[in-house]
There are 2 protein chains.
Amino acid sequence: MPPIKVKNAGKSVSAKRKSGVTGKAVTRIQREKQDAILEAALDVFSLHGFRGATIDQIAEQAGMSKPNLLYYFPRKEEIHKRLMKTMLDTWLQPLREFSAEGDPIPEIRSYIRRKLEMARDYPRESRLFANEMLQGAPRLIDILEGELKDLVDEKVAILLSWMDEGKIARTDPYHLIFSIWATTQHYADFDVQVRAVLGKDRGGEGRFEDAARFLENLFMQGIAPTKLPSR
Amino acid sequence: MPPIKVKNAGKSVSAKRKSGVTGKAVTRIQREKQDAILEAALDVFSLHGFRGATIDQIAEQAGMSKPNLLYYFPRKEEIHKRLMKTMLDTWLQPLREFSAEGDPIPEIRSYIRRKLEMARDYPRESRLFANEMLQGAPRLIDILEGELKDLVDEKVAILLSWMDEGKIARTDPYHLIFSIWATTQHYADFDVQVRAVLGKDRGGEGRFEDAARFLENLFMQGIAPTKLPSR
DNA sequence: GTCTATATATTGATAGAC
DNA sequence: GTCTATCAATATATAGAC
């Protein structure tokens with residue numbers, strides 16, 4: 001699996017000299033400090049959730065004092081908000097790229113592969129998201145019911161049209177998407193368990209290749225158009 | 001899906017009059033208080049993780065004062081330890097019941113159904129477990145590498161023998177189990193997201209029936225013996 | 001067994017010197 | 001911008017009266 005390219009996870013080019021929130025000019029050193037904070041915060045929030053994370057921990061990991069950190073992000077919640085924003089952008093990219101243009105089977109296979117690559121390359125983002133879900137998504141529920149639902153509905157329509165055309169087996173498109181999410185993200189969120197169960201001999205880096213092979217096979221069988229429609 | 005019976009989630013019969021830890025006699029009222037605490041703690045821990053949960057919250061939810069709670073469980077960690085213990089017992093039951101005796105296809109189908117019923121009926125236990133995984137399983141790693149790995153290895157051997165006999169398709173048994181775990185637990189751990197995406201019309205109680213139909217179909221296709229072995 | 005009161009540490013956040 | 005010092009709130013846990 002090759003590394004995947006993702007939209008600039010930092011600030012957008014147009015915001016290079018202005019902070020979107022405050023409108024104040026932003027120097028290179030300011031951006032570097034902010035990035036160090038966000039990087040450290042991703043570690044801590046993804047591990048302990050919002051309430052379990054402490055500013056102390058984040059500041060230490062970022063290599064600065066607590067008041068210094070609070071100079072850049074006056075409130076704990078704002079760090080978290082920023083992380084969630086950029087995380088969601090990265091996280092939903094594979095689904096956005098899911099296209100009606102290509103052939104159905106390769107398109108779905110490719111989506112699975114990209115999602116698994118995300119779990120491999122961005123496990124902290126996956127855990128940050130999972131933490132928020134476990135807590136009932138108090139800071140994300142609006143996006144789930146709005147932007148995310150709209151995006152999924154759009155892709156579900158594509159899947160349904162493919163089913164109508166007999167290009168893939170008739171099955172529940174929502175639960176198909178849920179299953180792809182669940183199986184791929186599992187390798188980030190439950191990584192400890194995966195490693196522990198596979199043991200030393202099989203728990204190395206090769207586990208993602210094995211997972212990719214298995215998942216592509218599983219879902220390709222599940223949507224093969226030669227099969228009878230699910231009852 | 002009928003409700004499932006699970007081994008007594010409270011104290012075992014033989015421990016009815018003795019507390020396993022202290023050896024002291026335990027009255028009915030003591031058990032009731034302990035149960036109320038554990039019940040409330042399951043709510044709070046499953047929502048906020050170990051560090052994010054507070055004794056205040058648990059005590060309030062259990063309807064007692066903080067010192068009163070600490071009379072029964074002198075340390076926060078001991079409440080969590082007890083919860084993890086009983087949770088794991090409940091949680092691994094479906095896998096323990098997975099038997100080499102029955103026919104392969106119905107046996108696997110039945111395992112999927114039971115795991116999904118667990119997600120439906122014990123979502124808090126699922127989230128408690130997920131929270132621990134996200135944190136790197138600091139309080140559970142020994143069990144994962146010991147008891148759980150042994151149990152999985154045992155069931156993997158059964159799956160492999162079925163593959164050798166041509167009764168199910170040849171595929172990676174570990175990742176098959178991971179996929180079943182991931183897809184079923186998803187409906188407990190990511191419940192908010194599932195509801196949000198399905199919307200008002202499809203996000204009701206029927207979602208578990210839909211999920212069961214989809215998952216059984218997906219995995220039955222994936223392991224059907226008529227298929228060629230996965231390359 | 002349950003309460004009020006409190007000890008002790010940690011938390012998010014601020015003040016003000018430099 | 002960064003620091004030390006510190007505040008107010010909250011955290012786990014204990015003391016001791018009843």
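Throughout, a chain's letter reflects where its sequence line sits, starting with A, and its residues are numbered from 1. Remember, it's a predicted structure, so these values are computed and weren't measured experimentally.
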Review point. Taking only side-chain nitrogens and oxygens of Ser65(A), does any of them come within less than 4.0 Å of OP1 or OP2 of dT2(D)?
Key: no

Check your understanding: Side chains of Asp191(B) and Met133(A): closer than 4.5 Å at any heavy-atom pair?
Key -> no

Check your understanding: How many Å lie between OH on Tyr71(A) and P on dA15(C), as a whole number?
Key -> 15 Å

Check your understanding: Less than 4.0 Å between a side-chain N and a carboxylate O, is that true for Asp43(A) and Arg127(A)?
Key -> no

Study note, to complete from the structure: Out of dG12(C), dT4(D), dC3(C), minimum distance to the side chain of Pro67(A) belongs to dT4(D)

Review point. Within this structure, what is the CD1-to-P distance between Ile58(B) and dT10(D), rounded to whole angstrom?
Key: 17 Å

**Study point:** Residue Gln30(A), side-chain heavy atoms: nucleotide from dG1(D), dA5(C), dG1(C) that is nearest
**Key:** dG1(D)

Practice item. To the nearest Å, give me how far apart CZ (Arg51(A)) and P (dG12(C)) are. Key: 11 Å

Check your understanding: What is the nucleic acid contact for Leu70(A), judged by heavy atoms within less than 4.0 Å: base, sugar-phosphate only, or nothing?
Key -> base

Exercise for review: Would you mind reading off the distance between Ile79(B) atom CD1 and dA11(D) atom C1', rounded to a whole angstrom?
Suggested key: 14 Å

Exercise for review: Would you name the heavy atoms of Ala196(B) and Leu144(A) that are closest together and state the gap between them?
Suggested key: CB-CB, 3.8 Å

Study note, to complete from the structure: Picking from dT2(D), dT11(C), dA11(D), the nucleotide nearest the side-chain atoms of Thr54(B) would be dA11(D)

Check your understanding: Toward the 5' end of DNA chain C, which comes first, Met64(B) or Lys76(A), by nearest nucleotide?
Key -> Met64(B)

Study note, to complete from the structure: Rounded to whole Å, CG of Leu69(A) lies from C1' of dT11(C) at a distance of 14 Å

**Study point:** Gln57(A) atom CD, neighbour heavy-atom count above 12 within 6.0 Å
**Key:** yes

Review point. What is the distance, rounded to the nearest whole Å, between atom NZ of Lys33(B) and atom C1' of dC3(C)?
Key: 11 Å

**Study point:** OP1 or OP2 of dA13(C) under 4.0 Å from side-chain N/O of Arg75(A)
**Key:** yes

Review point. Choosing from dT2(C), dA5(C), dG1(D), which nucleotide comes nearest the side chain of Thr27(A)?
Key: dG1(D)

Exercise for review: Just call it for Lys66(B): base, sugar-phosphate, or nothing, with non-hydrogen atoms closer than 4.0 Å on any strand.
Suggested key: base

Exercise for review: Specify the separation, in whole Å, of atom CZ of Phe73(B) and atom P of dT2(C).
Suggested key: 13 Å

Practice item. Identify, between Asp56(B) and Tyr72(A), the residue whose nearest nucleotide on DNA chain D lies closer to the 5' end. Key: Tyr72(A)

Exercise for review: Indicate, with yes or no, if the rings of His175(B) and Tyr187(A) have centres closer together than 6.0 Å.
Suggested key: yes

Review point. Hey, does Ala59(B) reach any base, or is it just sugar-phosphate, or nothing, if we go heavy atoms under 4.0 Å?
Key: nothing

Check your understanding: When the distance from CD of Glu60(A) to P of dG12(C) is rounded to whole Å, what number comes out?
Key -> 13 Å

